[in-house]
Amino acid sequence: MVMSLGYPEILLSFLCFFFIWCFEKRNGLPWNWPLVGMLPSLFCHIHRIHDRCVDLFGMAGGTYLIKAIWFADLDFIGTADPANVHFIMSSKFTNFPKGVEFKKIFDVLGDGIFNSDSDLWSDQRKQARFLLNHDRFRKFLIKTTAEKVEQGLIPLLQHVSREGLVIDLQDLFQRLTFDTTCKLVTGFDPGCLSIELPDVPFSRAMDEAEEAIFMRHCLPESIWKLEKLLGIGHEKKLSRARVVLDDVINKYISMKRDQMGEQNQDDDDEEGALDLLTSYMNGSEEAKWDDKFLRDTILNFMIAGRDTTSSALTWFTWLVSTHPDVERKIRAELDEVAGGEKWRLFETEELHNLVYLHAALCESLRLFPPVPFQHKAPMEAVVLPSGHCLEPNMKVLISLYAMGRMEYIWGADAKEFKPERWITERGTTKYEPSYKFLAFNAGPRSCLGKEVAFTQLKSVAAAIIHNYEVGVVKGHPVNPNVSVILYMKHGLKVRVTNRWSS
């Protein structure tokens with residue numbers, strides 16, 4: 001905290017910032033300082049790191065070598081080049097595993113699918129694909145989403161509209177996706193999306209864990225490990241968060257075992273067998289997993305479902321509410337489905353073929369990908385298509401956020417919110433290769449939950465846009481946070497008005 005610093009420390013910090021600014025002002029590129037390399041520049045821009053990547057890769061032609069502390073072998077390459085992405089994620093996939101270093105940084109995820117490699121990853125992916133693509137799970141997804149919108153989201157929005165309250169829509173979306181994801185993954189609904197807005201320790205713990213993981217990307221391993229040993233800084237928050245995450249998940253596993261023990265094995269429980277935890281625990285003897293695996297799997301699914309979807313909904317709602325032309329076109333498309341009916345909630349199948357709504361969601365994900373960056377490291381030395389050399393275990397950071405804003409990828413209007421870029425001349429949805437539009441990953445690790453995400457995004461977006469006016473509170477700052485999940489730093493404070501109330 002600034003209050004704990006003396007005037008000499010504050011003055012020194014100011015002078016450091018001033019000198020870095022002066023050096024970089026000449027060409028905008030980071031200055032390679034003696035001993036510490038480009039780290040001072042990195043931390044000078046840490047509060048706007050995503051936009052700094054846009055500036056840097058725009059000036060450098062898409063890829064740039066970041067020099068770290070001298071003699072520490074910590075240099076890394078940053079890129080927003082689709083050719084490099086395709087090379088890393090697809091054509092040379094086997095040479096870029098998650099690896100030991102990745103698992104160290106994301107150790108809170110355990111041996112879940114996001115951290116795993118080789119046979120463990122392959123087995124988990126096959127199992128997850130089978131469960132997510134099962135017809136019964138899809139029906140469960142549609143039913144769960146519809147119930148949460150109708151019984152959770154709408155009553156809360158009606159209350160806010162009636163009382164003229166200001167609400168943090170980002171918090172509301174986090175509650176909604178936490179409830180739905182928890183129901184889909186464990187079978188239990190924690191009921192966080194209600195007018196009372198109860199405290200949600202699990203969500204807060206996830207946010208703190210994700211911020212700490214981001215800082216691990218910025219600091220040398222020796223520094224964050226020292227913080228961990230001393231129990232200070234972001235590592236202290238991560239340790240505290242992990243206890244909360246483990247307690248909640250273990251509670252759900254225990255509850256599920258009790259629930260399954262009470263049920264007659266001969267009964268065909270139409271709902272209880274649909275959630276992912278039940279499916280895993282009901283597997284064949286060879287496929288049954290221990291509690292640690294179940295814990296890791298639940299946490300990985302919770303992050304995939306709760307965080308990415310709520311982030312996408314937040315940025316999408318803000319973009320639509322600040323672009324009246326886009327909002328008008330989405331409403332016109334929804335009006336055709338509604339057939340002139342005013343108050344309306346939509347069925348999943350009604351939204352499936354709405355081209356403009358889908359295009360607007362893709363455009364939002366292009367500009368504000370829920371996971372703003374990824375990092376990889378090769379097992380063997382390679383030369384990227386951009387000509388940059390990667391030594392074994394040297395990190396390459398892919399900025400999805402910057403990729404969505406590169407003019408050489410998307411054109412001169414790359415920074416504009418323009419859903420039309422996703423629509424062909426024939427009025428159909430335009431396909432973009434995954435190594436260019438990386439929101440759902442690319443190559444063998446492409447996101448298995450893409451259709452799940454779009455189902456939820458469209459259901460919530462249609463319910464809000466057709467039935468409510470959303471206005472951002474005047475003067476409310478909208479900036480990305482500093483984390484591995486792209487949230488709004490200050491939330492999204494809005495007023496909501498029912499369009500159809502007299």
Side-chain angles (χ1 to χ4, degrees), residues 1-3 10 14 17 21 44-55 153 156-177 193 195-197 199-200 203-204 207-208 210-211 214 307 309-331 360-361 363-370 372 401-402 404-405 413-419 460-461 463-483 485-499 501:
M1 295 177 62
V2 174
M3 290 180 64
I10 296 174
F14 174 78
F17 180 89
W21 180 80
C44 181
H45 293 280
I46 196 71
H47 65 289
R48 58 178 299 273
I49 190 66
H50 303 304
D51 288 306
R52 175 56 175 161
C53 286
V54 176
D55 299 337
L153 176 66
L156 204 159
L157 292 179
Q158 289 290 81
H159 170 72
V160 170
S161 174
R162 214 167 29 241
E163 300 297 326
L165 303 175
V166 172
I167 190 170
D168 181 356
L169 208 53
Q170 179 169 268
D171 175 65
L172 185 151
F173 288 146
Q174 286 177 324
R175 292 170 181 275
L176 183 150
T177 56
L193 185 65
I195 293 174
E196 295 76 22
L197 298 178
D199 185 41
V200 189
S203 292
R204 186 167 58 252
D207 292 342
E208 292 181 347
E210 288 156 3
E211 289 175 6
F214 179 88
D307 287 342
T309 306
S310 58
S311 167
L313 281 170
T314 301
W315 290 106
F316 173 77
T317 305
W318 172 68
L319 284 168
V320 172
S321 68
T322 53
H323 291 79
D325 287 348
V326 173
E327 185 177 56
R328 177 177 52 78
K329 291 176 183 178
I330 295 175
R331 282 178 175 163
L361 285 166
E363 180 71 344
S364 177
L365 290 167
R366 178 184 73 87
L367 289 170
F368 296 100
Y401 184 93
R405 289 164 168 76
D413 59 357
K415 295 180 182 179
E416 296 178 23
F417 179 55
K418 187 178 177 182
V460 175
I464 292 177
I465 294 172
H466 182 71
N467 296 307
Y468 297 95
E469 295 283 357
V470 176
V472 180
V473 172
K474 187 176 181 180
H476 177 69
V478 174
N479 305 110
N481 65 342
V482 179
S483 179
I485 300 294
L486 194 70
Y487 279 124
M488 291 187 180
K489 183 177 180 180
H490 305 286
L492 180 58
K493 299 296 179 67
V494 302
R495 295 184 187 276
V496 180
T497 306
N498 189 327
R499 294 181 66 207
S501 60

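Computed over heavy atoms, backbone and side chain alike; hydrogens, waters and symmetry mates excluded.
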Contacts of His50 that satisfy ring-ring contact (aromatic ring centres under 6.0 Å, His included) - sequence neighbours left out: Tyr401
Measure the [atom1]-[atom2] distance between [X] and [Y] for me, rounded to the nearest 0.5 Å.
| X | Y | atom1 | atom2 | answer |
| --- | --- | --- | --- | --- |
| Gln174 | Thr314 | CD | OG1 | 6.5 Å |
| Leu157 | Asn467 | CG | CG | 9.5 Å |
| His323 | Glu327 | NE2 | CD | 11.5 Å |
| Arg48 | Asn479 | CZ | CG | 10.5 Å |
| Ile464 | Leu172 | CD1 | CG | 7.0 Å |
| Lys418 | Leu367 | NZ | CG | 12.5 Å |

Which heavy atom in [X] sits nearest to a heavy atom in [Y], and how many Å separate them?
| X | Y | result |
| --- | --- | --- |
| Val460 | Phe173 | CG1-CE2, 3.9 Å |
| Gln170 | Leu492 | CB-N, 4.0 Å |
| Val470 | Ser321 | O-CB, 3.4 Å |
| Ser364 | Phe417 | N-CE1, 3.9 Å |
| Ser311 | Leu486 | OG-O, 2.6 Å |
| Ile49 | Phe214 | CG2-CZ, 3.6 Å |

Note: Arg331-Glu469 ion pair, threshold 4.0 Å (strictly below): yes
Carboxylate-amine/guanidinium proximity below 4.0 Å for Asp325 and Lys329: no
Using atom types as modelled, flag every donor-acceptor pair under 3.5 Å from a side chain in residues 158-166 to any protein atom, sequence neighbours excluded.
from: Gln158; atom 1: OE1; to: Tyr468; atom 2: OH; distance (Å): 2.8
from: Gln158; atom 1: OE1; to: Asn498; atom 2: ND2; distance (Å): 3.0
from: Ser161; atom 1: OG; to: Asn498; atom 2: N; distance (Å): 3.0

4.5 Å side-chain heavy-atom contact, Pro370 and Trp315: no
